[in-house]
> 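Can you keep this structure in mind? I'll have questions shortly.
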Amino acid sequence: MTAVAGETLRTARLDLLPLRVGHADEMAGVLSDPALYAFTGGSPPALGELRARYARLAAGAPGGGTVWGNWVLRVRADGGLCGYVQVTIREEVAEVAWVVGTPWQGRGYAGEAARGLVARLRRLPLRAVVAHVHPGHRASAAVAASAGLVRTDLVQDDEAVWRLDLTSPPPPPAAAG
């Protein structure tokens, strides 16, 4: 399962690049809008803080059966970074998250990246993919739904738990109409 963390993933418009410390310089700008933290709390990270965080994440999970995967999102059309996706895998459950910088929101990048990540996770021996979404964050809920996750009745840390059961085969593609 650790191999997926080092893979570059491709979607129609994005390259999901394995996180490197060197991405911090550009990502500091991507993550600089305080509005990004309205639902998650916190504030834009300083460059030094982001470099240190990326060094920890790029080194991988500390063990104990946990796998981390972290990717920055590169828009192929212009070569710039626009956000990130991440996964934590433990006990055959993958927890996913996504963030797209404010200037790139509303273009479908978060949903595209989440769908690409979930498609790759489907090829692993996992039972489920989950995400935690603030109940008021409609855009993030739409991303979760577009990736095939369904809102459950569970709430953890004031966030709704969204889940995709991978023990059943995926539904057939929708017919073009």
Side-chain angles (χ1 to χ4, degrees), residues 1-19 27 31 36-42 53-54 56-74 82-101 104-105 107-175:
M1 270 196 265
T2 58
V4 71
E7 293 178 13
T8 295
L9 308 175
R10 292 178 58 92
T11 66
R13 300 175 295 163
L14 302 170
D15 292 324
L16 284 62
L17 306 173
L19 181 71
M27 286 299 294
L31 302 174
L36 278 178
Y37 307 89
F39 292 104
T40 60
R53 180 184 314 155
Y54 283 8
R56 285 189 308 275
L57 293 173
T66 298
V67 175
W68 289 343
N70 295 277
W71 295 264
V72 292
L73 310 178
R74 180 177 64 199
C82 70
Y84 66 85
V85 292
Q86 58 189 40
V87 62
T88 300
I89 302 172
R90 84 174 59 88
E91 299 178 8
E92 298 180 337
V93 175
E95 183 176 332
V96 296
W98 47 83
V99 171
V100 169
W104 299 273
Q105 291 178 2
R107 300 180 193 184
Y109 290 141
E112 184 175 326
R115 288 188 303 276
L117 178 57
V118 168
R120 177 61 182 93
L121 293 172
R122 281 182 175 277
R123 300 192 325 238
L124 298 177
L126 298 170
R127 291 183 292 115
V129 176
V130 299
H132 295 85
V133 177
H134 187 283
H137 199 322
R138 291 190 311 231
S140 197
V143 169
S146 81
L149 284 73
V150 176
R151 185 174 177 167
T152 71
D153 292 333
L154 298 174
V155 175
Q156 288 181 325
D157 298 326
D158 297 324
E159 292 183 320
V161 177
W162 289 67
R163 182 180 176 93
L164 171 61
D165 180 8
L166 296 179
T167 60
S168 304

> Going by heavy atoms in the side chains, are Leu9 and Trp71 under 4.5 Å from each other?
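Contact flag for Leu9/Trp71 side chains = yes.
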> Taking the side chain as every heavy atom from C-beta outward, state whether Gln105 and Leu36 have any pair of such atoms under 4.5 Å apart.
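Yes, their side chains come closer than 4.5 Å.
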> To the nearest 0.5 Å, what is the distance between CZ (Arg10) and CZ (Arg74)?
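Going from the CZ atom of Arg10 to the CZ atom of Arg74 covers 8.0 Å.
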> Any idea which heavy atoms bring Trp68 and Ala61 closest together, and the distance?
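Looking at all heavy atoms of both residues, the closest pair is CE3-N, 3.4 Å.
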> Shortest non-hydrogen contact from Pro125 to Glu92?
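The answer is O-CG, 3.8 Å.
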> Against Ile89, only a single residue in Val129, Thr66, Leu124 fulfils side chain to side chain contact (heavy atoms under 4.5 Å, CB included); can you say which?
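Passing option: Leu124.
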> Where is the tightest heavy-atom contact between Gly83 and Met27, given as atom of each residue plus distance?
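Smallest heavy-atom distance, with atoms named: O-CE, 3.6 Å.
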> Can you list the steps and then say if Thr40 with Val99 is a side-chain contact (heavy atoms from CB on, under 4.5 Å)?
CA-CA 10 Å; Thr40 60; Val99 171; over 6 Å; no
> If I compare all heavy atoms of Leu73 with all of Ala113, which pair ends up nearest, and what's the gap?
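Distance-wise, the nearest heavy atoms are CD2-CB, 3.6 Å.
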> Main chain of Val161, side chain of Gln156: is a donor-acceptor contact present, judged purely on distance under 3.5 Å?
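Such a contact is absent between Gln156 side chain and Val161 backbone.
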> Could you state the interatomic distance from CG (Leu57) to CG (Asn70), rounded to the nearest 0.5 Å?
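Here the rounded value is 4.5 Å.
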> Under 3.5 Å, is there a donor-acceptor pair linking the side chains of Thr11 and Arg115?
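Short answer, no.
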> For residues Tyr109 and Arg13, determine if any side-chain heavy atom of one lies less than 4.5 Å from a side-chain heavy atom of the other.
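When only atoms from C-beta onward are counted, Arg13 and Tyr109 do touch, with a gap below 4.5 Å.
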> Could you pull out the closest heavy-atom pair between Ala144 and Val133, with the gap in Å?
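Scanning both residues, the minimum pair turns out to be CB-CG2, 4.4 Å.
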> I need the Leu16 CG to Glu7 CD distance, nearest 0.5 Å.
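Rounded to the nearest 0.5 Å, the CG-CD separation comes to 11.0 Å.
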> If you take all heavy atoms of Arg127 and Asp165, which pair is closest and at what distance?
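That would be O-OD1, 3.3 Å.
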> For the residue pair His132 and Asp157, establish whether any side-chain heavy-atom pair is separated by less than 4.5 Å.
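No - every pair of side-chain heavy atoms lies 4.5 Å or more apart.
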